[in-house]
Peer 1: 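This is the structure, below, for whatever I ask next.
In what follows, every heavy atom counts, from backbone to side chain, and hydrogens, waters and symmetry copies are set aside. Throughout, numbering of the chain's residues begins at 1 and tracks the sequence. Counting starts at 1 for both ligands and their atoms, following the listed order.
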Amino acid sequence: MKSELVNKILEGDVLAAARLMRGIEDEVTGAVGALESVYLHTGRACIVGMTGAPGTGKSTLLGSLINIFRKKNMTVGVVAIDPTSPFTGGAVLGDRIRMQSHGVDKDVFIRSLASRGWKGGLSKATVNTIHVMDAMGKDIIFVETVGSGQGEVDIARVADTSIIVLIPGMGDEIQMMKAGILEAADIFVINKADREGADSLKIWLETMLEMRTRPPDRWKPSIVLTEANVDKGIEQLAEEILRHRDFLDSSGELKKRRKERAKLELMMAVESSFKNYIERMDQDYLEKLVDDLVHRKTNPRSAASKIIELSKK
Ligand SMILES: Nc1nc2c(ncn2[C@@H]2O[C@H](COP(=O)(O)OP(=O)(O)O)[C@@H](O)[C@H]2O)c(=O)[nH]1
Ligand SMILES: [Mg+2]
């Protein structure tokens, strides 16, 4: 199926894209078919995850990064999953919008996602919103998420490049060790570098990264110091993002990551298909299976096999 809605999205139509994104979030039935067509036109965009504790300056950094990539003539998408502060593009983008006689820059698409029951993991809606922006032809898509434990690992699985934003004096070091963040990041940003402790955080990070064994042909995570509110260090951050992208391309790592991502999406689809099936199936039969389990007439594995068999009919 290739509806008019999909065609418009492929042409980069902002309203059509917004409509499908709303449909995805509200789980409207028609959105599923449109998404299936949209998916076939994805895989071109560069996807960059940006994670960090609330208030570390992620949104401010993105506001500045948008300007830099626009100057490079790249089109930009932003998916912000932030329960605390909806992404508006910040003061920088605000100025930009004011400067333009035609209103909003149509080459920048920003979407804030509700964090419905979100515990730091990635929702299906997030992945699908990224797909819509990709199909629209956005060259680079940023995904802003609040880091808390497992979340970083998840964003790293869908992003080509993962950025972790830290600030001096937060005791991030211990948190990072716990969450295995060191493994997940391609670029570390130490934002608010105007504050005391930025250099010692950098040294600590360098030491931790040195301690890790890494084959010589693998990417060595970079560390960039920034002051997002005054646009300091942003050019360098943008360069690192592009450098990492080049590395992914030339090393074959991009192909590997994309394959992992396709597999992850397949698994998510299998899971949600079965969840849907179970919600729709004969609930009396389901009850009976559960009762049989309670009375130890069967075991979970055999009961599951019965459901799988039924779902084939
Ligand atoms: N001092 C200082 N403040 C900053 C810097 N970057 C961002 N901020 C401020 O930190 C606050 C939180 O920024 P925000 O981008 O909303 O953080 P987010 O929650 O990570 O998205 C805002 O008041 C910013 O103006 C910086 O480099 N130095
Ligand atoms: Mg934010």
Side-chain angles (χ1 to χ4, degrees), residues 47-69 76-98 108-116 118-123 125-126 129-130 133 140-152 154-156 159 161-173 175-176 179 181 184-202 205 222-241:
I47 298 165
V48 180
M50 187 178 276
T51 306
T56 47
K58 300 177 296 299
S59 298
T60 316
L61 281 164
L62 284 177
S64 308
L65 280 172
I66 288 170
N67 281 336
I68 290 182
F69 284 105
V76 184
V78 177
V79 186
I81 315 153
D82 187 342
T84 54
S85 58
F87 184 77
T88 55
V92 184
L93 195 63
D95 286 343
R96 191 183 167 85
I97 291 165
R98 253 174 268 128
V108 178
F109 192 105
I110 296 166
R111 181 93 186 154
S112 283
L113 280 185
S115 53
R116 226 180 271 164
W118 186 74
K119 293 188 196 72
L122 280 182
S123 68
T126 309
T129 304
I130 296 171
M133 290 191 182
I140 187 162
I141 300 168
F142 291 99
V143 186
E144 177 187 341
T145 62
V146 174
S148 55
Q150 284 308 106
E152 297 82 356
D154 283 348
I155 182 63
T161 301
S162 286
I163 302 177
I164 305 281
V165 183
L166 306 164
I167 54 175
M170 264 185 57
D172 283 314
E173 295 89 337
Q175 290 299 328
M176 275 194 289
I181 291 177
D186 302 302
I187 301 171
F188 290 94
V189 171
I190 300 177
N191 190 40
K192 308 198 182 184
D194 48 317
R195 290 195 184 172
E196 207 184 301
D199 289 329
S200 54
L201 178 56
K202 183 169 187 252
L205 263 177
S222 36
I223 305 169
V224 184
L225 271 71
T226 58
E227 291 171 43
N229 58 338
V230 291
D231 266 352
K232 237 171 139 175
I234 313 294
E235 288 275 357
Q236 199 204 334
L237 176 56
E239 287 314 312
E240 283 303 311
I241 291 169

Peer 1: Supply the atom-to-atom distance Ile241 CD1 to Leu65 CG, rounded to the nearest 0.5 angstrom.
Peer 2: 5.0 Å
Peer 1: Report yes or no: does a heavy atom of Arg195 sit under 4.0 Å from some atom of ligand 1?
Peer 2: no
Peer 1: Going by the atom numbers of ligand 1, which of them fall below 4.0 Å from some non-hydrogen atom of Glu227?
Peer 2: 27 (O)
Peer 1: Using a 4.0 Å heavy-atom cut-off, which part of Lys232 comes near ligand 1: side chain, backbone, both, or neither?
Peer 2: neither
Peer 1: Please give the atom name: the N, O or S atom of Glu144 nearest to the Mg ion (ligand 2).
Peer 2: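 Closest to the Mg ion (ligand 2) among those atoms: OE2.
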Peer 1: List the steps and the verdict of side-chain contact (heavy atoms from CB on, under 4.5 Å) for Ile110 and Ile66.
Peer 2: CA-CA 10 Å; Ile110 296 166; Ile66 288 170; 4.3 Å; yes
Peer 1: From the options Ile234, Ile167, Asn229, select the one whose nearest heavy atom is closest to atom 5 (C) of ligand 1.
Peer 2: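 Checking each option, the heavy atom nearest atom 5 (C) of ligand 1 is found in Asn229.
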Peer 1: Any heavy atom of Pro54 closer to ligand 1 than 4.0 angstrom?
Peer 2: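 Yes; Pro54 lies near enough to ligand 1 that a heavy-atom distance drops under 4.0 Å.
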Peer 1: Where is the tightest heavy-atom contact between Ile167 and Thr56, given as atom of each residue plus distance?
Peer 2: CG2-O, 3.5 Å
Peer 1: With a 4.5 Å limit on heavy-atom distance, are the side chains of Leu166 and Leu205 in contact?
Peer 2: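 Yes, close enough: below the 4.5 Å cut-off.
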Peer 1: Does Lys58 use its side chain to pair, donor to acceptor, with the backbone of Ala53 at less than 3.5 Å?
Peer 2: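 Side chain of Lys58 to backbone of Ala53, a donor-acceptor pair under 3.5 Å: yes, one is there.
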Peer 1: Regarding Asp231 and Ser64, is there a side-chain donor-to-acceptor distance under 3.5 Å anywhere?
Peer 2: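 Checked: Asp231/Ser64 side chains pair up, N/O donor to acceptor below 3.5 Å.
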Peer 1: Confirm or rule out an N/O/S atom of Ser59, from backbone or side chain, lying less than 2.8 Å from the Mg ion (ligand 2).
Peer 2: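 Yes - counting backbone and side chain alike, Ser59 has an N, O or S atom under 2.8 Å.
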Peer 1: Main chain of Ala228, side chain of Asn191: is a donor-acceptor contact present, judged purely on distance under 3.5 Å?
Peer 2: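 Checked: pair present.
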Peer 1: Please report whether ligand 1 has a polar contact with Ala193, defined as an N or O pair separated by less than 3.5 Å (distance criterion only).
Peer 2: no
Peer 1: Under 4.0 Å from a heavy atom of Glu144: which atoms of ligand 1 are those, numbered in the order shown and with their elements?
Peer 2: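 The list of qualifying atoms is 21 (O).
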Peer 1: Got an N/O contact under 3.5 Å between Leu61 and ligand 1?
Peer 2: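 No - when backbone and side-chain N and O of Leu61 are compared with those of ligand 1, no distance drops under 3.5 Å.
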